[in-house]
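Below, chain A is the first sequence line, B the second, and so on; all start at residue 1.
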Protein chains: 2
Amino acid sequence: MYRIEEAAKKTGLTKRALRYYEELGLVNPSGRTESGYRMYTDEDIAHILHVKNTRDLLGASLQEIKDMMDLAHKYELLKQGYYQGVSAEEKLNLLTELERTLLAKRGFLQEKMNKLSELLANYDEKLTRIARKKRELQAEIENEKEEP
Amino acid sequence: MYRIEEAAKKTGLTKRALRYYEELGLVNPSGRTESGYRMYTDEDIAHILHVKNTRDLLGASLQEIKDMMDLAHKYELLKQGYYQGVSAEEKLNLLTELERTLLAKRGFLQEKMNKLSELLANYDEKLTRIARKKRELQAEIENEKEEP
DNA sequence: GAAAACAATAACGTTTACGTTAACGTTACA
DNA sequence: TGTAACGTTAACGTAAACGTTATTGTTTTC
């Protein structure tokens, strides 16, 4: 179990950010000491890193991430056998909604990857052109040395 | 040549955003009408789309994008034969700096793609689990119909 | 056991990337 | 030809995501 400073170091976020994320309901440290200090477990850390990754990779807002997580949480509850009183039909509806959401996100992600690989190719092209130009210049410099 | 509203439609940005980008020096419409209306060419549109893509894909700030572009512009000048008075050594230095910057960005991009494909795999896993669960539930519902 | 280091909450401040409104000139068209 | 519809600049407003500071309590360390 870590206190907030350790958690900050392990995640690369600031302490302020961690408190802010908690305020938004995105991250809940597993416990508090008697005196009120936040305590983070390794699981908490992993969760925070996942949030950070989602933010950076998908460019999602913290609110969007929270919405995603709330949905995922619903799914966890269903999987673990809560929702006893709920009919199979209603469960099916929930699952279908989840599936739709995930598919949409998956599509978004896929599109993003495609564009990224285009960009990557673009960079590579530029890099090879630069490398060629560099060789030309180096040759030029060698020549100047020989015949001043 | 398009006026600002057309340019906004073609790029998916707002008119305000286009003016803002211009304020930052990120985008310069090729011309103005006599009365002061901004006029965008297809090349301008392509450039704007590139800026937008970089923003969305790399999550770069507009300032970072501008810095990148300024460097790229320097390279263009060099390639097109300006920099007459500049010695080969100095040109080589500029190219080396450019190369370093691009390599760093390339690495960043590559890392991002790796993480993204992890995330994609994660989504796919979740999706197959959901699909399986859905089939189970559907079977359950069928059974209930037969033996009520 | 006193200082230094770390924690908490609360509240105000800041940056980025625009949105919105105002006041005014330009273009298109019925 | 007048009135929408579109353009301009200027200036103030705003949401998100924290940063910073103040005040106060806790833990660690010498």
Side-chain angles (χ1 to χ4, degrees), chain A residues 1-42 44-45 47-70 108 112, chain B residues 1-42 44-45 47-70 108 112:
Chain A
M1 305 266 276
Y2 317 106
R3 300 198 306 200
I4 198 169
E5 188 149 286
E6 270 287 301
K9 269 183 200 154
K10 281 180 184 283
T11 59
L13 294 175
T14 65
K15 296 188 279 182
R16 177 63 172 105
L18 288 177
R19 296 198 188 99
Y20 180 58
Y21 285 15
E22 186 175 345
E23 215 176 293
L24 297 186
L26 243 91
V27 164
N28 283 92
S30 290
R32 294 267 185 146
T33 69
E34 191 150 338
S35 59
Y37 283 24
R38 273 165 257 257
M39 297 304 284
Y40 299 84
T41 66
D42 280 317
D44 292 339
I45 303 292
H47 175 65
I48 294 166
L49 284 173
H50 182 245
V51 168
K52 192 189 170 197
N53 259 327
T54 307
R55 186 198 62 177
D56 292 346
L57 296 174
L58 299 188
S61 75
L62 298 181
Q63 187 54 53
E64 283 167 340
I65 297 179
K66 181 169 162 43
D67 293 346
M68 262 196 269
M69 278 178 20
D70 288 350
F108 181 67
K112 204 152 192 173
Chain B
M1 304 268 274
Y2 317 106
R3 302 197 306 200
I4 198 169
E5 187 149 287
E6 270 287 300
K9 269 182 200 157
K10 279 179 184 283
T11 59
L13 293 175
T14 64
K15 296 188 280 182
R16 176 63 171 105
L18 288 176
R19 295 199 188 99
Y20 179 59
Y21 285 14
E22 186 175 346
E23 215 175 293
L24 296 186
L26 244 93
V27 164
N28 282 92
S30 291
R32 296 264 185 148
T33 69
E34 191 150 339
S35 57
Y37 283 24
R38 273 165 257 258
M39 297 305 284
Y40 299 84
T41 66
D42 280 316
D44 293 338
I45 302 292
H47 175 65
I48 294 167
L49 284 174
H50 182 244
V51 169
K52 191 189 169 196
N53 259 327
T54 308
R55 187 197 64 177
D56 291 346
L57 295 175
L58 299 189
S61 75
L62 298 179
Q63 187 54 52
E64 284 168 340
I65 297 179
K66 181 168 163 43
D67 293 346
M68 262 195 269
M69 279 178 21
D70 287 351
F108 181 67
K112 205 153 192 172

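Nearest approach of A:Y40 to A:L18, heavy atoms of both residues: OH-CB, 4.0 Å. Here the closest non-hydrogen pair linking A:V27 and A:H47 is CG2-CD2, 4.2 Å. A:Y2 and A:A7 make their closest contact through CB-N, 4.3 Å (heavy atoms, listed as atom of the first residue, atom of the second, distance).
Look at NZ on B:K66: it is 14 Å from P on C:dT16, rounded to the nearest Å. Atom P of nucleotide C:dC6 and atom CD of A:E6 are separated by 11 Å, given to the nearest angstrom. The OH-C1' distance, from A:Y2 to C:dA7, rounds to 19 Å in whole Å.
For A:T41, the side chain to side chain contact (heavy atoms under 4.5 Å, CB included) partners are A:M1, A:S30, A:E43, A:D44, not counting sequence neighbours. Residues forming a salt bridge (charged side-chain N to carboxylate O under 4.0 Å, His left out) with B:K66 (at least two apart in sequence, or on another chain): B:D70. Partners of A:K15 by salt bridge (charged side-chain N to carboxylate O under 4.0 Å, His left out), not counting sequence neighbours, listed by chain and number: A:E5. A:T14 is linked by a side chain to side chain donor-acceptor pair (under 3.5 Å) to nothing, counting only residues two or more places apart in sequence or in another chain. Under the side chain to side chain contact (heavy atoms under 4.5 Å, CB included) criterion, B:L49 pairs with B:T11, B:I45, not counting sequence neighbours. Every residue two or more places apart in sequence or in another chain was checked for a side chain to side chain donor-acceptor pair (under 3.5 Å) with A:N28, and none qualifies.
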Under 3.5 Å, which protein N or O atoms sit close to an N or O of nucleotides 27-30 of chain C? Give each pair with its distance.
residue	atom	partner	partner atom	Å
C:dT27	OP1	B:S35	OG	3.0

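A nucleotide of DNA chain D counts as in contact with chain A when one of its atoms lies under 4.0 Å from a heavy atom; the first and last such, 5' to 3', are D:dA17 to D:dT27.
At a threshold of 4.5 Å between non-hydrogen side-chain atoms, the residues A:R3 and A:T33 do not count as touching.
Within the structure, salt bridge (Lys or Arg N to Asp or Glu O under 4.0 Å) pairs that include any residue of residues 20-29 of chain B comprise B:E22-B:R32, B:E22-B:R38 (at least two apart or interchain).
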Could you walk me through whether B:I48 and B:K10 pass the side chain to side chain contact (heavy atoms under 4.5 Å, CB included) check? CA-CA 10 Å; B:I48 294 167; B:K10 279 179 184 283; over 6 Å; no

Which donor-acceptor pairs under 3.5 Å do the side chains of residues 55-65 of chain A make with protein atoms, sequence neighbours left out?
residue	atom	partner	partner atom	Å
A:R55	NH1	A:Y21	OH	3.0
A:S61	OG	A:Q63	N	3.4
A:S61	OG	A:E64	N	3.1
A:Q63	NE2	A:D67	OD1	3.1
A:E64	OE1	A:S61	N	2.9

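Contacts with DNA chain C (heavy atom under 4.0 Å) in residues 8-27 of chain B: B:T14, B:R16, B:A17, B:Y20, B:Y21, listed by number. Of the residues in residues 55-63 of chain A, those placing a heavy atom less than 4.0 Å from an atom of DNA chain D are A:R55, A:S61, A:L62, in numerical order.
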